[in-house]
Amino acid sequence: MYNSKIKYLEFIMKLFLSFLLITISLYAKYLDSKTCKECHEDIYFEHTKSMHYKSSLFSDEVHRKIKEAVNKDKYSCALCHMPSTKNLAAMIRGTEQPNEKDVRQTDGVSCSYCHQISKVYHSKKYNINISSAKANEKPTMFGNLLNPDDSDKHSAKNNEIYKNSQVCMGCHSHKQNAKGFEVCNTKNQYDKTSDCIGCHMPKSPGGNEKFNKKGRDEYATHNFLGIHSLNMVKKAVKLELLYKDEVLELTINNKMGHSIITHPMRLKFAKTKIKRDSKVIWSNFKESPLEDKEATFIIVFKDDANKTTLPHKAIGYKLDQNLKASSSKVIKYKVPKLQTGDEVITQWISYIINPKISKKLQITKDDIIKPYFGAKESIFIY
Ligand code: HEC
Ligand code: HEC
Ligand code: HEC
Ligand code: HEC
Ligand code: HEC
């Protein structure tokens, strides 16, 4: 009788232990972004609206279509677009295919992935994220809080790369294609990292976590707004106009910490016109902004047969119209002699995808194909 009671207790104990072990190992396996919602609710909601959450081929149509055009089987893009997946190597080789039931894959650039980057290894082809994630251990989330509080879900630790923006450079710095040609770059005019966090994670009032035991009055937002945001597009450049003796001078100042074109899908330009009696008497282009290359920012690649091509086959530029971080350029137009009542207007226009490419890829979603109207400047002749 006594014996069986012990056996029973032992059995319960074992059951409990194995339950504990299973939960620990599940826990150590992967903390998906939803698990953070319980405490970091505001940050979670911001994150789920961001392109980081939507970076995988399951949520970003443009990314999926380009990926299919590049390679049907291999998913080398996973390195940055689906970094939390367990079978990264197999996915890159193409021996395993993306699976939409796997939360590690639909999670995109996830909270726990980003917050466990301990170091970024710099290399010529592209940089590599070094992760601190270890199986069967309570995870450490790195950040930049002053005296972070303890939590039963994770420990918190400071790491300077969450302050000097190096943490962004594992994916955003630069990338060479298989031919050794650099197809994108988000570095500044000195080939260095700018203050990404300062511009892309502005502070908002409130605590970072719902109990806010430390009584913090602001937290770093996680929307990571960029070219998909009208407000951000309005901050991209500053335009200035000057008219003298039939010459119109347009100055374009890049206000960002990186070149105007960081990604080859984009098209950005300044449209300038002169209005007299509400009629347009002059404009810098009629149909296509490329009629005025100086005011257009675009990258077009060429392959080894000198034909226009997608980034993965590029060996050089067919067209390279760009402007480095914090730099400006002056464009001079010979225009008709202006008279009292004339108005000169210039406006920044930004396309997430060059309309030529969206037509080819049959992308029709309005948010993605519509123009975003940025900074505007005008002068009136008295
Ligand atoms: C080294 C990391 C890295 C790799 C590898 C990578 N990407 Fe990206 N990708 C990025 C980053 C960072 C951005 C955001 C860049 C920007 O907007 O300037 C991006 C943005 C994009 C976009 C724009 C999405 C949009 O919303 O408009 C497309 C399309 C894209 N990538 C396709 C691919 C494809 C296809 C592959 C694989 C063949 C790939 N990428 C591989 C880092 C990477
Ligand atoms: C049970 C509640 C809870 C959950 C769940 C939770 N956290 Fe936390 N987290 C906290 C607390 C409490 C702090 C400390 C806040 C403070 O000091 O203001 C914190 C702090 C942090 C910090 C700041 C670290 C630093 O040193 O600056 C990061 C990053 C973080 N958590 C990420 C995450 C991520 C990612 C998840 C989901 C995988 C998550 N947390 C889930 C409670 C939680
Ligand atoms: C694990 C890789 C990775 C890391 C680390 C990373 N990003 Fe990203 N980021 C991406 C990818 C991939 C995209 C493009 C997603 C897409 O459009 O499909 C992106 C998109 C963006 C965008 C563009 C949003 C838009 O509107 O197109 C911004 C801004 C951004 N990241 C800023 C940052 C900053 C700031 C950091 C550092 C705090 C950072 N990222 C760290 C991979 C990463
Ligand atoms: C001085 C402010 C500023 C700094 C510093 C800055 N950015 Fe930006 N960034 C912007 C603005 C404004 C936009 C939106 C306008 C646009 O995309 O044309 C933007 C756009 C982006 C985009 C989308 C660009 C595109 O065309 O696809 C990415 C990705 C990005 N930033 C990442 C970064 C990263 C990574 C860093 C740090 C290396 C950084 N930014 C530093 C202001 C800044
Ligand atoms: C692309 C990388 C990236 C992703 C994805 C990301 N974070 Fe962060 N997070 C950062 C960086 C960088 C900081 C430090 C910002 C600062 O100090 O200004 C930060 C700060 C924090 C902090 C501290 C708050 C503060 O005010 O500094 C918490 C908590 C946090 N993140 C939780 C999360 C959670 C939860 C998610 C997902 C819902 C998430 N993060 C997704 C990069 C990321």
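Just so it is clear, the model here is predicted, and its values are computed rather than measured. First listed ligand is number 1; within each ligand, the first listed atom is number 1.
Between C168 and ligand 5 there is no heavy-atom distance shorter than 4.0 Å. Residue contacts with ligand 1 include R266, since one of its heavy atoms falls under 4.0 Å from the ligand.
Only protein atoms were considered; those of element N, O or S under 2.8 Å from atom 8 (Fe) of ligand 5 number 2.
Here ring pair (Phe, Tyr, Trp, His ring centres under 6.0 Å) pairs that include residues 55-106, with residues two or more places apart or in two chains, are H63-Y75, H63-H81.
Protein heavy atoms are absent from the space less than 4.0 angstrom from atom 28 (C) of ligand 4. Checking atom 25 (C) of ligand 4 against the protein gives a heavy-atom contact under 4.0 Å.
For atom 12 (C) of ligand 5, the closest non-hydrogen atom on the protein side is I197 CD1, 3.6 Å. Among all non-hydrogen protein atoms, the one lying nearest atom 35 (C) of ligand 5 is C36 CB, 3.4 Å. Looking only at heavy atoms of the protein, atom 14 (C) of ligand 5 is closest to Y162 O, 3.7 Å. Of the protein's heavy atoms, K203 NZ, 3.1 Å lies nearest to atom 18 (O) of ligand 5. Looking only at heavy atoms of the protein, atom 13 (C) of ligand 5 is closest to M201 CE, 3.8 Å.
Between D303 and K307 there is no salt bridge, since no side-chain nitrogen of the basic residue lies less than 4.0 Å from a carboxylate oxygen of the acidic one.
No other N/O/S atom of H200 lies as close to atom 8 (Fe) of ligand 4 as NE2 does.
Side-chain contact between S259 and N322: present, with at least one pair of heavy atoms (C-beta onward) separated by less than 4.5 Å.
Each of the atoms 17 (O) of ligand 5 lies under 4.0 Å from some heavy atom of N144. Atoms of ligand 4 lying under 4.0 Å from at least one heavy atom of C196, given by number and element, are 34 (C), 35 (C), 36 (C), 37 (C), 38 (C), 39 (C), 41 (C). Close approach to A236 involves these atoms of ligand 4, each under 4.0 Å from a residue heavy atom: 15 (C), 18 (O). For ligand 5, the atoms closer than 4.0 angstrom to any heavy atom of V109 are 5 (C).
For ligand 5, the polar-atom distance check finds no N/O of Y44 at less than 3.5 Å from any of the ligand's N/O atoms.
For T186, heavy-atom contacts with ligand 4 shorter than 4.0 Å involve the backbone as well as the side chain. Counting heavy atoms under 4.0 Å from ligand 1, residue I352 touches it through the side chain alone. In K187, neither the side chain nor the backbone holds a heavy atom less than 4.0 Å from any atom of ligand 4.
Contacts of S283 classified as side chain to side chain contact (heavy atoms under 4.5 Å, CB included), with partners at least two apart in sequence or in another chain: K273, V280, K286.
When H228, K234, M256 are checked for heavy-atom proximity to atom 42 (C) of ligand 4, M256 turns out nearest.
For atom 8 (Fe) of ligand 1, protein N/O/S neighbours under 2.8 Å (waters excluded) are H81 NE2.
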